[in-house]
Amino acid sequence: MPEPRELTFAQAIREALAEEMRRDSHVCILGEDVAEAGTPFKVLSGLLEEFGTDRVLDTPISEAGFTGLAVGAAMTGLRPVVDIMFGDFITLTMDQMVNQAAKVHYMSGGKWNVPMVMRTTLGATRRSAAQHSQSLHAWFSHVPGLKVVLPSTPYDAKGLLKTAIRDQNPVVFFEDKMMYKLKGPVPEEEYTIPFGVADIKRAGRDITIVATSSMLQVALGAATLLQKEEISAEVIDPRTTWPLDEKALIESAQKTSRVIVVDEGYGRYGVTAEIASVIAEGAFYELDAPVKRMGAMHVPIPFSPPLEDTTVPTENSVFEVARELCGRS
Amino acid sequence: MPEPRELTFAQAIREALAEEMRRDSHVCILGEDVAEAGTPFKVLSGLLEEFGTDRVLDTPISEAGFTGLAVGAAMTGLRPVVDIMFGDFITLTMDQMVNQAAKVHYMSGGKWNVPMVMRTTLGATRRSAAQHSQSLHAWFSHVPGLKVVLPSTPYDAKGLLKTAIRDQNPVVFFEDKMMYKLKGPVPEEEYTIPFGVADIKRAGRDITIVATSSMLQVALGAATLLQKEEISAEVIDPRTTWPLDEKALIESAQKTSRVIVVDEGYGRYGVTAEIASVIAEGAFYELDAPVKRMGAMHVPIPFSPPLEDTTVPTENSVFEVARELCGRS
Amino acid sequence: MTTAAQRPEADSKVTVERWIRAYRRMVSIRLFEEQVNDLYTRALMPGLAHLYIGEEAVAVGICETLRPDDYITSTHRGHGHCLAKGASPDRMFAELLGKEAGYCRGKGGSMHIADPATGNLGANAIVAGSVGIATGAAFSAKQLRDGRVAVCFFGEGALGQGVLYEVMNLAQLWKLPVIYACENNLYNEYTHYSETTAGEITARGTAFGLHTEAVDGQDVRAVYATATRLVERARRGEGPAFLLCNTYRYHGHHVGDINRDYYRSKEEERRWKDERDPIKLLTDWLLGQKLVDQALLDRILSEARSEIEAAVKFAIDAPYPRPEEVQEDVYA
Amino acid sequence: MTTAAQRPEADSKVTVERWIRAYRRMVSIRLFEEQVNDLYTRALMPGLAHLYIGEEAVAVGICETLRPDDYITSTHRGHGHCLAKGASPDRMFAELLGKEAGYCRGKGGSMHIADPATGNLGANAIVAGSVGIATGAAFSAKQLRDGRVAVCFFGEGALGQGVLYEVMNLAQLWKLPVIYACENNLYNEYTHYSETTAGEITARGTAFGLHTEAVDGQDVRAVYATATRLVERARRGEGPAFLLCNTYRYHGHHVGDINRDYYRSKEEERRWKDERDPIKLLTDWLLGQKLVDQALLDRILSEARSEIEAAVKFAIDAPYPRPEEVQEDVYA
Ligand SMILES: Cc1ncc(C[n+]2csc(CCOP(=O)(O)OP(=O)(O)O)c2C)c(N)n1
Ligand SMILES: Cc1ncc(C[n+]2csc(CCOP(=O)(O)OP(=O)(O)O)c2C)c(N)n1
Ligand SMILES: [Mg+2]
Ligand SMILES: [Mg+2]
């Protein structure tokens, strides 16, 4: 049989957008430098040429303004996909997303819908310093009315983005900016991936590593290191923080009895806290050790490389924590 | 000996501000309708008369603008206290607080400080609907560089606000808008309360109820109901979510072996998740049951009273969960 | 400022029926709001409400020129806008009382009335919270070429919110059919707008290239005449406009704001009520021009009164939502 | 637009020494930025940087009129502002390389240079991120009556951010000593400003009541003359001002933006470099007026070059921060 086709993470995103824009003329893209430039990360290159300036629109540097515009556009027949260049800039859109987009359907008693998608980025180690390196997805995960997606592979990125665009609700889609060049198999055939379904990226027996987005590769790397020590690690990716596939996470924990949760957001009051709590409660009687949480160090991300590199979990740090959790030393 | 003096929560806040403004001429107040009106909740009544329009300033309806102005003012010699009328409006200040205030000290290598305080509110059941009822303190607790304070009594409110104003860092101070009329003892003498020190509001043996802000009274009420069933509940209030007094929380959990965490923020990805995780890890070997979390229902707060009343934990719901946790049924 | 007097041609275009309809609408809004105040004082309404009394000519004058499928967005002081766009009082009252029969099944309350059937995208409790939504609706109208126009109502306090300038810039760049209707009733809550607003309000629109006009917001005929020109212009694809409507609220910022002496004088309130009342001005003109007789106006008034009273009764008797509904409508 | 020619009185006030100093500053900034580009291409600098080359006259013309204790806030394209306000190249380079000797001990990098000693409140990587900070510094200056002025540098792309209008309104209401210096270099990243900016840029200032002027940003004497008037005015307590400086960046949006044909022509770039270069314009004037001879300018150039080269060497040789430092400076 033929080699499965490989695409980069960026190509997978672009293909999902292009397919959905062909399928549904109401899908349009709004953001800064999304048209001619195709974004600074070149993720959208070519879409302007295919779909034209009516459907791929460069905006002023007005994150609140064009996000708010997208909310209204979504309520009135369009399916806008807004591009927030760096996840750090969602700070400017919180009122539009949280007080407006997330609540319109509920406040109107179910009368108005907001089928919009916000695409943005997360992740550090790009030497971009404190205002261009945050992973703030925990905030949106906290808000009823929003759905939050964290793809970790090209395959997931494409399938989840198509689902996001077809969803009737506001969806926030976080892309790891360091992952755009990562390659992975993506079939030619049409497919979508449902929200709220975790994926076991690597099956194992001795310990569960729950990993999101940028941390999946780190977890898989750690799992390989653990293998050398005869520790069989299961790596599971919830893929969406809301809806959250609690059942799959708890079952994996019940099976292995040891759990590490790794996410690139800040460790405190972040995504790892919710997932760890769900598991600690759901697998209370099966856990042999406390659930360990690993996230970004509780500091603004520094610019200096030797400092920045200490702020995020790595294959080795996850490996070490896992070894210890499994009683090796 | 004489009756201890009683003040309402609002009076305690006002007294803390007045004392600090007398002590330090650099303290000033900025916000909407804070001067003549003394805020819609009348918390600041009288301050304009004592300190004048140079130090109590009415602003336009520009939360981002005057919060940003306060960041710069704090860097250059003042100690501004900004008033954000409803906690729901912090959505408009996230960039100023998170990308600017929280990071200035770190990004400048420790050169600039931002000694400012943001006072705002939290809490539902005021029939104010989805955009005036949120408790979003989890967001700020997630951000390194900020400190977050959640007073639950007039005594704590005064002592913690004075500490906040004297702090060299940006501090966010959340007040339960339903608590302003609550009375409690507040001594005449000067005092402050350090951050990061939890307070045991009621000592107990059988179960620990960790409660913040608006949920303290609920927890104390539940503890009274539990007493009738010979269940001795310990009620502990962390008072600041950052810094967090992990030691005190863990010790209480180790002592009682059963824990409920109650906070009025949304239950998902909220403050209860972090506190529950800290306890589940720190008291892993002492806990006899999973840590239970209780927060606001995962819905935008509805207007209709019979609906709204079901969205927040109550004395009875906490009581029921506690009973079950203690194996009564 | 534009006044009806200056533009007879506008009047010639409009028929007597229109002014009678406008009269009925303004009267209904006022009676509706008086009932809201009454429900509050009788402790029958949960929470608070912001009354539109005194500003009726703005909502009515503008909505009179809109198509049923045109869009509006409203504010915390939104009852007048919703009624002017065609909402029915009974379901509005039901919403204000948190009842199942309300426009939002009780979930929204006074500040969140929304109704697709009348193009009402929703009132909003965030100051300037709906400026993005209105602009987005105009964006859809342009993309879908359905000829609709969106009107964004907001108080002058919303001039303090930067997002308004962000969306006006977008609207002008993309020539979107949206009218930004600024209701200057002189106060942001308890603070006079002159303490919160630097420069000329109309310059806030022209600075972003918007066609900008100011109108006497107490003169429903002037509001209608100006709004008609701006709406037709937008419908023709000539772009957005900024319309400053100078008006005044008679009551407190909300129903609980009773003692107002510390921020405005009784004399000021009296002057507006006696000399600038929109219903009185229209009445005097209709009678002065002999277009209607007092009897007709009296009949309209009593019809409106019975409609409003029936609506209140409907709402009071209506059932609350079932508790389970609290979990519905979070996601579509 | 104001040009130096129009205001001889400004020139008469200023001494030859000032223009020689301005020449030295502009040359240093250009040489500094050329080294930054070089460090990037040689892969010696982590991350990216946004070069100020072509815009030197704006920062130098404005900072020349400021007191050492006056405040500035800067942007992602901030090297020129920091140097013009007095930062030393060696510690700047050290910061760009993430070294301990850098202004921020390596924690900030290119986009976050800050230095209390020169009144630099910090460069900012959020577009319009420092407009609140600059306005707040002016608020402190007014409250503390210390006679300081704050200059807020920002690119025309920041006109898209609503918070700018919120703080300009506050500054005008409270008569704060702050100058909003808008550097219009024609592009927001890869998009021409005309696609993102409706109306006249100067109207964005006047709409909020600010005293507003526009100046040729390539003519350091014109910038200085105009800035001096606005700064003195602000210092006298007469309020804020908006200063539009028309300029151009020669290089890409950042050092990695090499192929620019898809958003602007080589011809356009050539015209600005050949005809509107700020250093060349000042040189021609100085020589034309016989105020200096070529030898002096050559000496200044070579002095500047050796200073910059020494600074680069200092930074390359400087040590990185200790890993433990990552946890320091989170809280004061
Ligand atoms: C973002 C935000 N800030 C503050 C408030 C509180 N608030 C409600 S109404 C109001 C005044 C609004 O004044 P204006 O826009 O003139 O409307 P008016 O009440 O005069 O009709 C304020 C400050 C709010 N609802 N939203
Ligand atoms: C809030 C925000 N949105 C987007 C960006 C990404 N970004 C960085 S620079 C830039 C363009 C800025 O253009 P301008 O303000 O004209 O400054 P210039 O680069 O031309 O000096 C953009 C969009 C950002 N840093 N901050
Ligand atoms: Mg008003
Ligand atoms: Mg530019």
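Below, read A as the first sequence line, B as the second, and so on, with proteins coming before strands; counting in each chain starts at 1.
The closest side-chain heavy-atom distance from D:Phe139 to B:Cys28 is below 4.5 Å. Side-chain contact check for D:Val330 versus B:Asn169: every heavy-atom pair is 4.5 Å or farther apart. Here the side chains of D:Leu144 and B:His26 are in contact, with some heavy-atom distance below 4.5 Å.
Residue contact with chain B, scored on non-hydrogen atoms closer than 4.5 Å, is absent for D:Ile113. Contacts of D:Glu328 with chain B are made by backbone atoms alone, with heavy-atom separations under 4.5 Å and no side-chain atom involved. There is no contact between D:Tyr165 and chain B, counting heavy-atom distances below 4.5 Å. Interface residue B:Leu146: only backbone heavy atoms are found under 4.5 Å from chain D. Heavy atoms of D:Leu164 lying under 4.5 Å from chain B are absent altogether.
In this structure, the separation between CZ on D:Arg105 and OH on B:Tyr106 is 9.5 Å, given to the nearest 0.5 Å. Summarising the geometry, atom SG belonging to D:Cys104 is positioned 5.5 Å from atom NZ belonging to B:Lys111; distances are rounded to the nearest 0.5 Å. Residue B:Thr76 holds its OG1 atom at 12.0 Å from CG of D:Asp69, rounded to the nearest 0.5 Å.
When the heavy atoms of residues 45-59 of chain B are compared with those of chain D, the residues falling under 4.5 Å are B:Asp54, B:Leu57, B:Asp58, B:Thr59, listed by number.
Closest non-hydrogen pair, B:His105 versus D:Ala332, comes out as NE2-CA, 3.5 Å. Residues D:Ile133 and B:Gln100 come closest through the heavy atom pair CD1-OE1, 3.9 Å. Shown here for B:Gly77 and D:Ser140, the closest heavy-atom pair between the two residues is N-OG, 4.4 Å. Closest approach of D:Thr135 and B:Leu69 over heavy atoms only: CG2-CD1, 3.7 Å.
Panel note: side chain B:Trp112, backbone D:Asn120; a donor-acceptor pair is recorded below 3.5 Å. Judged by distance alone, the side chain of D:Tyr103 and the main-chain N or O of B:Ser108 form no donor-acceptor pair under 3.5 Å. With hydrogens and angles disregarded, no donor-acceptor distance shorter than 3.5 Å links the side chain of B:Ser62 to the backbone of D:Glu166.
The candidate with the highest count of non-hydrogen atom pairs below 4.5 Å against chain B, out of D:Gly108, D:Ala141, D:Pro116, is D:Pro116. For the set B:Val71, B:Val114, B:Thr67, B:Leu78, the count of heavy-atom pairs under 4.5 angstrom toward chain D peaks at B:Leu78. Counting heavy-atom pairs closer than 4.5 Å to chain D, the top residue among B:Pro60, B:Ala102, B:Pro115, B:Ala74 is B:Pro60.
Other residues, nucleotides and ligands place more than 12 heavy atoms under 6.0 Å from the CZ atom of D:Arg236. When the shell of 6.0 Å around NZ of D:Lys313 is examined, it contains 12 or fewer heavy atoms from other residues, nucleotides or ligands.
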(Q) Applying side-chain contact (heavy atoms from CB on, under 4.5 Å) to D:Tyr331 and B:Lys147, what does each step give before you reach the verdict? (A) CA-CA 9 Å; D:Tyr331 292 96; B:Lys147 297 182 181 181; 3.6 Å; yes
Q: Apply side-chain contact (heavy atoms from CB on, under 4.5 Å) to B:Met107 and D:Asp329, showing your working.
A: CA-CA 8 Å; B:Met107 293 193 302; D:Asp329 305 324; over 6 Å; no
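Here D:Ser130 pairs with D:Thr73, D:Asn124, D:Cys152 under the side chain to side chain contact (heavy atoms under 4.5 Å, CB included) rule; sequence neighbours left out.
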